[in-house]
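Remarks on the structure that follows.
Values in this document were obtained by computation on a predicted structure and should not be read as measured data. Numbers here simply count residues along the sequence, with the first being 1.
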Amino acid sequence: MTNRQGRPAAEPPQRTDARLNRERLVTAAREVFAEAGPGASLNEIARRAGVGPGTLYRHFPHRSALLTAVLADRIETLCAHAERLLAAENADEALEQWLGAFLTHARVNQGMGSALLVESAGELGYDCHRRILDMAAGLLARAQQHGTARADLTADDLLPLVIGIALSTAHDERAGQPELLLDLVLDAVHGAPRRRR
């Protein structure tokens with residue numbers, strides 16, 4: 001659609017009530033998915049958001065659309081946290097704090113990511129992995145510039161280690177086990193490089 005000058009017409013702004021309903025739905029879905037997993041009742045999500053099922057389906061016509069919105073919201077929060085930490089005075093603590101937040105994210109969102117892969121791979125509309133990798137690379141580079149992280153390490157090396165901790169402790173009942181394993185990874189991050197064979 002174009003205007004009289006032949007330029008693309010601007011999209012009409014989303015009505016305030018529709019925007020608020022969408023925000024309520026994403027907030028409620030975040031809570032319900034955290035409690036009951038990606039297969040949680042959509043009716044319960046609508047109820048908690050204070051809207052009817054019809055409103056939910058107008059915004060999110062299928063479950064994967066709602067899962068995508070919640071996961072994208074969580075990734076944006078994680079990346080915003082990284083951006084704040086990039087300005088922190090202590091680069092070492094910034095990297096450690098963000099890797100702790102990433103570990104929590106990876107543990108909480110395992111089921112959602114798997115459900116999205118099954119239902120509609122690639123629906124996220126942007127490369128969430130790339131965004132997370134870029135944030136990790138920026139924080140790691142600062143720590144390396146300050147001499148507190150080994151120079152031969154890359155974000156491509158580091159993130160799989162943290163994801164591995166999330167996967168291996170998914171059903172581990174021992175309190176503090178994920179944090180203990182992350183501390184071991186951080187010890188390696190700050191250690192001297194070993195000679196490669």
Side-chain angles (χ1 to χ4, degrees), residues 1-88 94-95 97-139 155 159 162-163 166-167 170:
M1 180 183 286
T2 59
N3 59 21
R4 290 182 181 176
Q5 288 76 39
R7 296 176 183 156
E11 290 291 326
Q14 192 177 31
R15 288 190 356 236
T16 301
D17 58 343
R19 180 177 51 79
L20 289 175
N21 282 342
R22 187 182 192 284
E23 289 172 3
R24 288 189 196 104
L25 284 163
V26 172
T27 298
R30 191 187 309 126
E31 295 170 359
V32 175
F33 286 145
E35 293 167 8
S41 164
L42 297 184
N43 287 337
E44 173 61 15
I45 291 170
R47 187 191 69 74
R48 285 208 203 174
V51 301
T55 299
L56 185 149
Y57 285 107
R58 273 196 298 278
H59 288 282
F60 305 104
H62 40 78
R63 179 181 300 275
S64 61
L66 187 53
L67 285 167
T68 296
V70 171
L71 191 55
D73 181 64
R74 289 178 177 174
I75 290 168
E76 288 303 317
T77 299
L78 185 67
C79 290
H81 183 42
E83 286 168 0
R84 289 191 297 274
L85 288 171
L86 281 168
L95 178 62
Q97 280 185 38
W98 190 78
L99 287 176
F102 177 64
L103 175 58
T104 300
H105 167 85
R107 297 188 81 223
V108 167
N109 294 300
Q110 282 178 52
M112 291 182 62
S114 300
L116 274 175
L117 286 173
V118 170
E119 292 201 29
S120 53
E123 190 175 303
L124 266 181
Y126 64 89
D127 189 343
C128 57
H129 177 71
R130 180 81 256 163
R131 290 215 56 202
I132 291 172
L133 196 62
D134 288 346
M135 293 294 109
L139 289 162
L159 291 187
V162 180
I163 292 169
L167 292 172

Query raised in the report: Quick one: are Arg74 and Val108 in side-chain contact, heavy atoms under 4.5 Å?
Result: yes
To the nearest 0.5 Å, atom CZ of Arg131 lies from atom SG of Cys79 at 4.0 Å
In short, Ala136 meets Leu159 closest at the heavy-atom pair CB-CD2, 3.9 Å
On a heavy-atom basis, the closest approach of Pro38 and Phe33 is O-CE2, 3.6 Å
dist Arg22:CZ -> Arg58:CZ (nearest 0.5 Å) comes out at 14.0 Å
| message | Please determine whether side-chain contact (heavy atoms from CB on, under 4.5 Å) holds for the pair His81 and Thr77, giving the CA-CA distance in whole Å, both sets of side-chain angles, and the decisive distance to 0.1 Å. | response | CA-CA 6 Å; His81 183 42; Thr77 299; 5.8 Å; no
When every non-hydrogen atom of Ala18 is compared with those of His59, the smallest separation belongs to O-CE1, 3.2 Å
Heavy-atom donor-acceptor pair, Trp98 side chain to Leu86 backbone, under 3.5 Å
no
Closest non-hydrogen contact found for Arg48 with Ala28 is CB-CB, 3.9 Å
Looking only at heavy atoms, the pair that brings Ala94 and Ala88 closest together is CB-CB, 4.2 Å
d(Leu103 CG, Ile163 CD1) to nearest 0.5 Å is 10.0 Å
Only residue of Leu71, Val70, Leu25 satisfying side chain to side chain contact (heavy atoms under 4.5 Å, CB included) with Arg30 is Val70
Note: Arg24 and Ala49 closest approach over all heavy atoms is CD-O, 3.4 Å
Could you walk me through whether His105 and Ile75 pass the side-chain contact (heavy atoms from CB on, under 4.5 Å) test, one step at a time?
CA-CA 8 Å; His105 167 85; Ile75 290 168; 3.8 Å; yes
Rounded to the nearest 0.5 angstrom, the CZ-OG1 distance for Phe60 and Thr55 is 11.5 Å
Between the CD atom in Glu83 and the CG atom in Leu78, the distance rounded to the nearest 0.5 Å is 10.5 Å
- Task: Say whether Arg107 and Thr104, considering side chains only, have a donor N or O and an acceptor N or O under 3.5 Å apart.
- Result: no
Report task. Before giving the answer on side-chain contact (heavy atoms from CB on, under 4.5 Å), spell out for Glu23 and Leu20 the whole-Å C-alpha distance, their side-chain angles and the decisive distance to 0.1 Å. Result -> CA-CA 5 Å; Glu23 289 172 3; Leu20 289 175; 3.8 Å; yes
| query | Is there a donor-acceptor contact under 3.5 Å from the side chain of Arg63 to the main chain of Ala40? | reply | yes
CZ of Arg47 to CG of Leu56, rounded to nearest 0.5 Å, is 13.5 Å
message = Looking at Thr68 and Ser64, would you say the former's side chain and the latter's main chain have a donor-acceptor pair under 3.5 Å?
response = yes
